[in-house]
Amino acid sequence: MNRNGLTLGKDRQFEAIKMSLGQPYYESNGIAVYNGDTLELGSRLPANVIDALITDPPYCSGAAGSAVGADPSVKYCHSGNTVGRPSFGGDFRDQRSFKYWCSLWIGQALSACKDAAYGLVFTDWRQLATMIDALQAGGFCFKGLISWDKGGGARAPHKGYFRHQCEYIPWGSKGKVPKLQDRGPFPGSYSISVKQNDKHHMTGKPTPLMQRLVQCVPVGGLAFDPFCGSGTTLVASILEGRGAIGFEASEQYCEIAARRIEAAQRGELLKFQRE
């Protein structure tokens with residue numbers, strides 16, 4: 001292991017990515033954030049350098065028409081109140097264009113992944129079938145479904161509804177699923193609640209959830225998140241002794257991710273401060 005926790009082989013893979021993509025927006029001890037469009041950056045990724053794609057892309061979810069095109073602050077925040085969390089782009093596509101777009105960046109990620117790498121992509125109940133199709137269209141072999149139970153606080157329109165309290169993670173692999181000796185088998189369902197002081201993005205996932213998911217990456221290996229947002233996948237990778245590369249289109253969120261990564265490198269979890 002070198003000083004950033006990466007094995008020498010992984011360190012060479014990390015350096016190969018930097019050679020291809022140029023100077024990151026932020027870099028620290030085996031973690032790098034790039035500011036830019038994921039399709040543009042992904043087109044320059046070298047082959048066979050990533051151990052797992054783990055990402056939470058824009059869902060582009062909602063009824064066809066106004067819900068798809070609504071600002072994320074309207075779709076994902078109570079009464080449109082962001083409490084200081086920046087909005088984000090890319091959440092406007094209808095279902096057909098969403099599937100096509102996802103298949104493009106998933107295909108780029110597949111090329112950058114090593115053989116037997118994992119692909120894990122978050123989605124909701126509306127886009128579940130679409131994302132399963134896109135994961136396979138991008139080249140991953142679909143292997144199953146992970147559920148994330150957010151708890152009983154999940155919203156329901158009225159008392160007649162079953163709560164939409166689960167989100168989903170279709171997962172697959174590049175070729176055969178590896179037979180591991182050092183970790184696994186991994187749970188197929190997680191019950192982890194959202195804590196507001198840990199939620200730095202409007203649709204941010206809990207850090208403990210992402211810590212569990214990055215354990216599919218070998219210790220000292222590299223995770224890849226092409227929609228890293230506030231950097232939770234990268235923070236989780238630090239906490240679990242992994243390296244990570246993230247892409248993010250919003251400079252505001254790149255800055256938030258950088259602050260959270262710096263705190264995690266010090267052994268701290270940066271808390272979100274409501275406005």
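Smallest separation of non-hydrogen atoms from A116 and P178: O-CD, 3.4 Å. The two residues R242 and V219 come nearest to each other via the heavy atoms NH1-CG2, 3.6 Å. The nearest pair of heavy atoms linking S193 to P206 is O-CG, 3.7 Å. Between C228 and V33 the shortest heavy-atom distance is SG-CG1, 4.2 Å. V214 and A236 get closest at one heavy-atom pair: CG2-O, 3.9 Å. Annotation for T38 and P226: closest pair OG1-CB, 3.1 Å, computed over non-hydrogen atoms.
With a 4.5 Å cut-off on side-chain heavy atoms, P46 and V49 count as touching. Between W148 and Y168 the shortest side-chain heavy-atom distance does not fall below 4.5 Å. Annotation: side chain of P208 is in contact with side chain of D198 (closest heavy-atom distance under 4.5 Å). Using a 4.5 Å heavy-atom threshold, the side chains of C216 and I54 count as touching. Using a 4.5 Å heavy-atom threshold, the side chains of F14 and I17 count as separate. Considering only heavy atoms from C-beta on, Y118 stays 4.5 Å or farther from I50 through its side chain. Using a 4.5 Å heavy-atom cutoff, the side chains of K18 and E27 are in contact. Looking at Q165 and D149, their side chains come closer than 4.5 Å, going by heavy atoms from C-beta outward.
Each of Y34, F88, W101 was evaluated against F227; a single residue qualifies, W101, per the ring pair (Phe, Tyr, Trp, His ring centres under 6.0 Å) test.
The line from CG of L239 to CD of Q265 is 9.0 Å long, rounded to the nearest 0.5 Å. F272 contributes atom CZ, which lies 8.0 Å from atom NE2 of H200 (distance to the nearest 0.5 angstrom). Atom-to-atom distance recorded for H164:NE2 and C166:SG is 11.0 Å, nearest 0.5 angstrom. Interatomic distance, CG of L53 versus NZ of K174, reported as 11.5 Å (0.5 Å rounding). If you take CG on N29 and CD1 on I261, they are separated by 11.0 Å, rounding to the nearest 0.5 Å. Interatomic distance, CG of L128 versus CD1 of I169, reported as 11.0 Å (0.5 Å rounding).
A continuous path of Ile, Leu, Val, Met, Phe, Trp and Tyr side chains, each step under 4.5 Å between heavy atoms, connects V121 with L222, placing both in one hydrophobic cluster. Note on V217: it clusters hydrophobically with V177, by side-chain heavy-atom contacts below 4.5 Å among ILVMFWY residues. Residues I132 and L110 are members of one and the same hydrophobic cluster, defined by side-chain heavy-atom contacts under 4.5 angstrom among Ile, Leu, Val, Met, Phe, Trp and Tyr. No continuous path of ILVMFWY side-chain contacts below 4.5 Å connects L269 to I192, so the two sit in separate hydrophobic clusters. There is no path of hydrophobic side-chain contacts, each under 4.5 Å, that joins L213 to L234.
Aromatic rings from F224 and F247 are positioned such that their centres are separated by under 6.0 Å. Residues F140 and W171 place their aromatic rings such that the two centres sit no closer than 6.0 Å.
Side-chain contact of T130 with Q95: a donor-acceptor pair under 3.5 Å is present, judged by distance alone. Of the N and O atoms on the side chains of Y26 and E255, not one donor lies less than 3.5 Å from an acceptor on the other residue. Of the N and O atoms on the side chains of N35 and E248, not one donor lies less than 3.5 Å from an acceptor on the other residue.
Salt-bridge formation is detected for the pair K114/D51: a Lys NZ or Arg NE/NH1/NH2 atom is positioned less than 4.0 Å from an Asp or Glu carboxylate oxygen. Salt-bridge check for R259 with E262: failed, with every basic side-chain N at 4.0 Å or more from each acidic carboxylate O. Under 4.0 Å is where a charged nitrogen must lie from a carboxylate oxygen, and between E240 and R212 no such pair does.
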Subject >> Y59 vs M131, side chain to side chain contact (heavy atoms under 4.5 Å, CB included): CA-CA, chis, key distance, verdict >> reply: CA-CA 9 Å; Y59 287 180; M131 184 56 76; over 6 Å; no
Subject >> I146 vs S189, side chain to side chain contact (heavy atoms under 4.5 Å, CB included): CA-CA, chis, key distance, verdict >> reply: CA-CA 5 Å; I146 305 164; S189 181; 5.9 Å; no
Original post:
Please walk me through it: do L39 and L104 pass side chain to side chain contact (heavy atoms under 4.5 Å, CB included)?
Top reply: CA-CA 8 Å; L39 288 179; L104 293 176; 3.8 Å; yes
Original post:
Can K143 and C141 be said to form a side chain to side chain contact (heavy atoms under 4.5 Å, CB included), step by step?
Top reply: CA-CA 6 Å; K143 292 297 183 180; C141 183; 3.6 Å; yes
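Other residues, nucleotides and ligands contribute more than 12 heavy atoms inside 6.0 Å of the CD atom of E40. Atom CZ of F186 sits in a crowded spot, with more than 12 heavy atoms from other residues, nucleotides or ligands closer than 6.0 Å. Summarising the local packing, CZ of R96 is surrounded by 12 or fewer heavy atoms from other residues, nucleotides or ligands at distances under 6.0 Å.
Side-chain atoms of S250 come within 3.5 Å of backbone N or O of Y253 as a donor-acceptor pair. Remark: side-chain polar atoms of R163 are not paired, donor with acceptor, to backbone N or O of R155 under 3.5 angstrom. Listed for the R44 side chain is a donor-acceptor partner under 3.5 Å among the backbone atoms of L21. Side-chain atoms of H201 never come within 3.5 Å of backbone atoms of G231 as a donor-acceptor pair (strictly under, hydrogens ignored). Remark: side-chain polar atoms of D124 are paired, donor with acceptor, to backbone N or O of Q127 under 3.5 angstrom. No donor-acceptor distance shorter than 3.5 angstrom exists from the side chain of K150 to the backbone of G153, with no hydrogens or angles considered.
Residues in residues 178-187 take part in no side chain to side chain donor-acceptor pair (under 3.5 Å) pair, two or more places apart or across chains. Residue pairs meeting the side chain to side chain donor-acceptor pair (under 3.5 Å) criterion with at least one member in residues 218-233, sequence neighbours excluded, are T55-D225, D225-T233, S230-R260, T232-R260.
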